[in-house]
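Below is one structure, written out as structure tokens; the observations come after it.
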Amino acid sequence: MIEIELPDGSKLTFEKETSVKEIAGRIAKSLEKNAIGALFDGELIDIHTPITKSGKIRIITQKDSESLEILRHSAAHILAKAVKRLYGREKVKLGIGPATEEGFYYDFDLPVSISEEDLPEIEKEMENIVKAKEFFRREEITREKAKELFKDDPYKLELLESIPEDETVTIYWLGEDFFDLCRGPHVEHSGMVKAFKLLSVAGAYWRGDSRNKMLQRVYGTAFWKKKELDEYLTRLEEAKKRDHRVLGKQLDLFSIYEEAGPGLVFWHPNGAIIRREIEEWVEKEHERRGYQRIYTPHIMKADLWKISGHYDFYKENMFFVPVVEHDEEERLGNEEVPLTCEEIEKAHWYAVKPMNCPGHILIYKSQVRSYRDLPIRFFEFGTVHRYEKSGSLHGLLRVRGFTQDDGHIFCRPDQLKEEIQGVLDYVMELLTTFKLDYVMNIGTKPEKYIGTDEAWDHATEALIDALKERGFEYNIVEGDGAFYGPKIDIAVLDAIGRKWDGPTIQVDFNLPERFDLTYVDKDGQKKRPVMVHRAIMGSIERFIGLLIEHYAGLFPTWLAPTQVVVIPVSDRYLDYADEVYARLKEAKIRVRLDDESGKVGYKIRKAELMKIPYMLIVGEKEQQSGTVSVRSKREGNLGAMEISVFLDKILNEIKEKL
RNA sequence: GCUGGCGUGGCUCAGGUGGUAGAGCGGGUGACUCGUAAUCACCAGGUCGGGGGUUCAAGUCCCCCCGCCAGCACCA
């Protein structure tokens with residue numbers, strides 16, 4: 001006897017094994033027809049999976065988001081079958097093909113490489129499978145049979161090995177000539193996968209390990225309705241227009257030069273204004289929150305980085321500078337000669353700082369610290385350089401030289417939680433000021449770590465408590481902490497939904513130890529302070545990159561490089577336009593006068609393209625009445641108003657950071 | 001770093017099967033004196049990412065390097 005509990009608490013009983021289809025049929029005929037699968041005791045199953053034990057069930061229809069996962073997973077199988085057909089059943093070795101948040105993919109190992117031009121052909125073959133309405137059929141098999149079936153599929157065999165002994169092995173058929181090792185679930189038949197599209201191809205390491213072979217991954221997405229697919233594709237197109245690399249060029253914000261080096265950012269005047277505004281705000285905020293501003297050098301002796309441990313753990317990512325005693329005579333007129341081995345050996349090595357912590361620590365150590373002094377909070381706009389792998393560079397979001405709003409807190413263990421909360425509050429102030437979407441993750445103790453378990457527990461608890469008390473949602477990512485301590489990372493999303501770490505709070509047991517940091521406690525004993533690394537924005541470059549995408553280039557007025565442009569209707573009104581310009585300039589508004597010849601429409605177009613918040617049109621009428629006609633980038637034409645009225649409006653907007 | 005794709009004037013992009021480069025925007029000059037996303041005309045800009053090779057001849061074919069894009073890996 002099997003008892004099935006429905007979400008409303010009611011129960012259905014069955015004599016023997018049943019299925020989602022049967023259960024749905026008991027509830028309503030329409031549900032039987034619409035059921036895509038179900039969540040049974042938390043596990044996603046399809047409508048034909050035999051249910052042999054009692055449990056709680058929630059039937060899934062197209063309305064439930066889980067149904068998309070089932071649909072996309074099925075689309076992945078259709079893709080695999082199509083690729084096998086086109087490229088040869090024997091030649092194509094299958095990797096894995098799961099559904100993802102936005103779609104699905106399948107990894108293939110095959111002798112020829114698939115390019116994007118091949119995608120339409122594959123789609124066509126998929127269409128054929130869809131039209132044929134082939135059924136997905138689940139089959140439970142023994143391990144021995146599985147090994148036999150997949151004897152020519154090395155990747156599947158490997159997967160088979162990793163299925164726990166007590167788990168049932170299942171394969172899914174799609175039609176009569178294709179099967180795949182898979183735990184499901186799937187839709188009933190391929191005809192249900194009507195709205196799909198293949199999007200891209202890229203390499204992906206087998207099992208996500210760079211020591212393994214790289215397979216070819218085909219990405220695609222699928223929806224229940226063609227309309228939803230189209231909407232998704234348009235959304236993707238729109239998102240691409242928000243790309244900070246595109247907008248950075250259009251709005252003349254920053255650039256990166258091949259001849260200067262990849263990942264090294266040049267801030268143009270417009271971008272520099274945005275950066276300065278943010279820096280000034282962040283700096284004041286730090287002062288308000290009890291941080292002391294410091295400055296530290298860009299290069300420091302390599303030996304210092306040996307003490308800190310960076311040399312051992314991070315040198316792959318560091319830039320080094322050899323200081324060589326040149327033999328001037330020999331090198332005269334011959335600067336091109338590279339360093340000789342002897343010179344390199346004799347050189348004194350400096351390292352360009354990849355982080356600011358050692359510098360801050362030296363300042364902490366510059367005097368004896370009392371427990372009364374703690375917490376000590378140092379802050380610096382620290383410009384660091386890291387040799388990031390070439391393939392990971394990405395506009396402003398991943399660079400080789402960047403500036404952190406970096407701070408280090410030195411405190412007593414009993415102050416840790418409060419300090420973390422202080423940082424969290426600050427981070428929230430930032431995120432709400434810019435209205436950014438984010439995800440919070442706690443990284444816990446990794447496999448390789450230093451420090452006592454006790455200290456780890458204390459610190460991890462402090463992080464979790466701090467988050468709980470502030471009522472934040474967070475994920476715990478086991479083992480994602482730094483080797484020196486647990487951390488909270490806050491990821492901000494870019495235009496197309498990729499996550500980038502921004503704000504971070506990291507507890508550190510390592511550096512206080514390595515640098516032998518102490519404070520004198522109440523009892524006169526020397527004790528070890530706890531150190532917290534924290535950045536509010538993270539990297540300013542990344543932060544602004546994300547802001548550009550977030551605002552789609554239309555910055556709030558306080559950040560806009562040009563806040564107002566005055567547009568005279570013709571040269572005749574230049575004098576009056578000048579007067580208006582001067583009034584605004586006087587009020588410290590970033591204003592420009594468009595005194596070039598040309599029609600009003602053209603000048604407005606230029607201002608619109610540069611996404612300038614306000615355009616003030618002045619001509620005969622305005623001159624007569626001492627007003628300006630205001631056109632807002634956001635709200636359109638606002639009509640004429642007194643200059644002072646406009647000034648109040650915009651000054652308030654700037655003050656409120658709207 | 002890896003797989004695949006791409007790299008033409010400041011920007012965006014055209015340049016079948018190899019025969020020494022085109023457009024629009026932008027820039028400069030002149031005319032127009034103009035009311036809410038592009039006034040007209042003329043002019044100046046490139047040797048085609050860099051290097052090597054094949055060829056009578058390469059932007060166009062081959063090789064190496066650099067850079068960019070997507071994804072993967074990395075991101076204490």
Side-chain angles (χ1 to χ4, degrees), chain A residues 100 105 107 109 112-118 199-219 240 243 245-246 249-250 252 255-263 308-310 312-317 354-355 357 386-395 397-399 443 446 448-450 480-485 487 489 491 496 498 500-501 504 506 508 510-511 533 538-539 542 567-574 597-610 615-622 629-633 636-640:
Chain A
T100 62
Y105 65 79
D107 288 345
D109 183 4
V112 295
S113 56
I114 301 176
S115 81
E116 300 215 352
E117 282 102 72
D118 301 325
L199 299 169
S200 59
V201 227
Y205 297 109
W206 167 240
R207 299 204 132 184
D209 190 330
S210 59
R211 286 167 301 189
N212 289 339
K213 181 165 185 186
M214 184 164 264
L215 310 179
Q216 300 186 56
R217 176 172 295 180
V218 177
Y219 282 94
K240 279 184 190 156
D243 190 320
R245 294 163 300 186
V246 176
K249 212 170 267 180
Q250 278 169 13
D252 195 16
S255 53
I256 294 169
Y257 300 94
E258 190 175 339
E259 59 267 45
S308 71
H310 289 88
D312 289 331
F313 284 93
Y314 208 66
K315 68 166 170 292
E316 313 301 300
N317 290 287
M355 293 180 200
C357 12
R386 301 179 184 175
Y387 188 80
E388 302 287 356
K389 301 257 176 63
S390 60
S392 64
L393 299 176
H394 185 95
L397 301 184
R398 188 84 182 264
V399 292
K448 273 177 64 184
Y449 65 97
I450 69 125
D480 196 42
F483 76 91
Y484 53 70
K487 62 177 183 178
D489 275 331
I496 60 175
R498 290 176 292 211
W500 301 87
D501 280 339
T504 180
Q506 311 184 356
D508 188 342
N510 181 233
L511 290 176
H533 307 249
S539 135
R542 175 176 290 181
I567 300 177
V569 172
S570 85
D571 290 7
R572 261 205 276 282
Y573 313 105
L574 258 178
S597 72
K599 291 190 175 178
V600 176
Y602 181 63
K603 294 182 183 180
I604 285 174
R605 180 181 155 78
K606 281 192 295 181
E608 286 280 345
L609 289 175
M610 289 306 281
M615 290 151 266
L616 301 183
I617 291 99
V618 296
E620 186 67 32
K621 285 179 298 197
E622 290 77 11
S629 277
V630 181
R631 173 174 165 130
S632 152
K633 168 82 183 143
N637 193 347
L638 301 180

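Atom set for the values below is all heavy atoms of this structure, side chains included, hydrogens, waters and symmetry mates excluded. None of these values were measured; they are calculated from a predicted model. The chains referred to below are lettered A, B, ... by the order of the sequence lines, with proteins before strands, and numbering in each begins at 1.
Residue A:R631 places a side-chain atom within donor-acceptor reach of the base of B:rA37, judged by atom type and a 3.5 Å distance cut-off alone. Within 3.5 Å, no donor on the side chain of A:Y573 pairs with an acceptor on the base of B:rG35, nor the reverse. Residue side chain A:R398 reaches the base of B:rC74 through a donor-acceptor N/O pair under 3.5 Å, judged by distance alone. For A:E259 against B:rG49, a side-chain-to-base donor-acceptor contact under 3.5 Å is absent.
Of the charged side-chain nitrogens involved, none lies within less than 4.0 Å of a carboxylate oxygen, so that A:D209 and A:R207 do not count as a salt-bridged pair.
With sequence neighbours excluded, the residues satisfying side-chain contact (heavy atoms from CB on, under 4.5 Å) with A:T100 are A:Y105. The side-chain hydrogen bond (donor to acceptor under 3.5 Å, both in side chains) check on A:S539 picks up nothing, with sequence neighbours excluded. For A:R572, the salt bridge (Lys or Arg N to Asp or Glu O under 4.0 Å) criterion is met by no residue, not counting sequence neighbours.
A donor-acceptor pair is defined here as one N or O able to donate and one able to accept, closer than 3.5 Å; no such pair exists between the side chain of A:D312 and the backbone of A:G309.
Counting any heavy atom pair closer than 4.0 Å across all strands shown, A:Y602 reaches sugar-phosphate atoms only and no base atom. Using a 4.0 Å heavy-atom cutoff across all strands shown, A:E316 reaches no nucleic acid atom at all. At a threshold of 4.0 angstrom between heavy atoms, the contacts of A:S570 include nucleobase atoms, whether or not backbone atoms are also involved. Within the 4.0 angstrom heavy-atom criterion, only backbone atoms of the sugar-phosphate kind lie near A:Y219; the bases stay farther away. Contact annotation for A:M615: no contact, since no heavy-atom pair falls under 4.0 Å across all strands.
Across B:rU20 and B:rA57, the matching P atoms stand 14 Å from one another, rounded to whole Å. Here the separation of B:rG5 from B:rU47, taken at their P atoms, is 28 Å to the nearest Å. Between B:rG52 and B:rG19, the distance separating the two P atoms is 22 Å to the nearest Å. Distance noted for atom P between B:rU60 and B:rC72: 33 Å (whole Å). B:rC69 and B:rU12 are spaced 13 Å apart, taking the P atom of each and rounding to whole Å.
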**Report entry** Pairing string, 5' to 3', for RNA chain B - Watson-Crick or wobble contacts under 3.5 Å, brackets [ ] where pairs cross, | to another strand
**Finding:** (((((((..((((........)))).(((((.......))))).....(((((.......))))))))))))....
What's touching nucleotides 9-17 of chain B from the protein side, N or O pairs under 3.5 Å?
none

Could you write out each protein N or O paired with an N or O of nucleotides 65-68 of chain B at a distance under 3.5 Å?
residue : atom : partner : partner atom : Å
B:rC66  : O2'  : A:E258  : OE2          : 3.4
B:rC66  : O2   : A:E258  : OE2          : 3.4
B:rG67  : O4'  : A:E258  : OE2          : 3.3

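Taking the syn range as angles within 90° of 0, the glycosidic angle of B:rG67 is outside it, so the base is anti.
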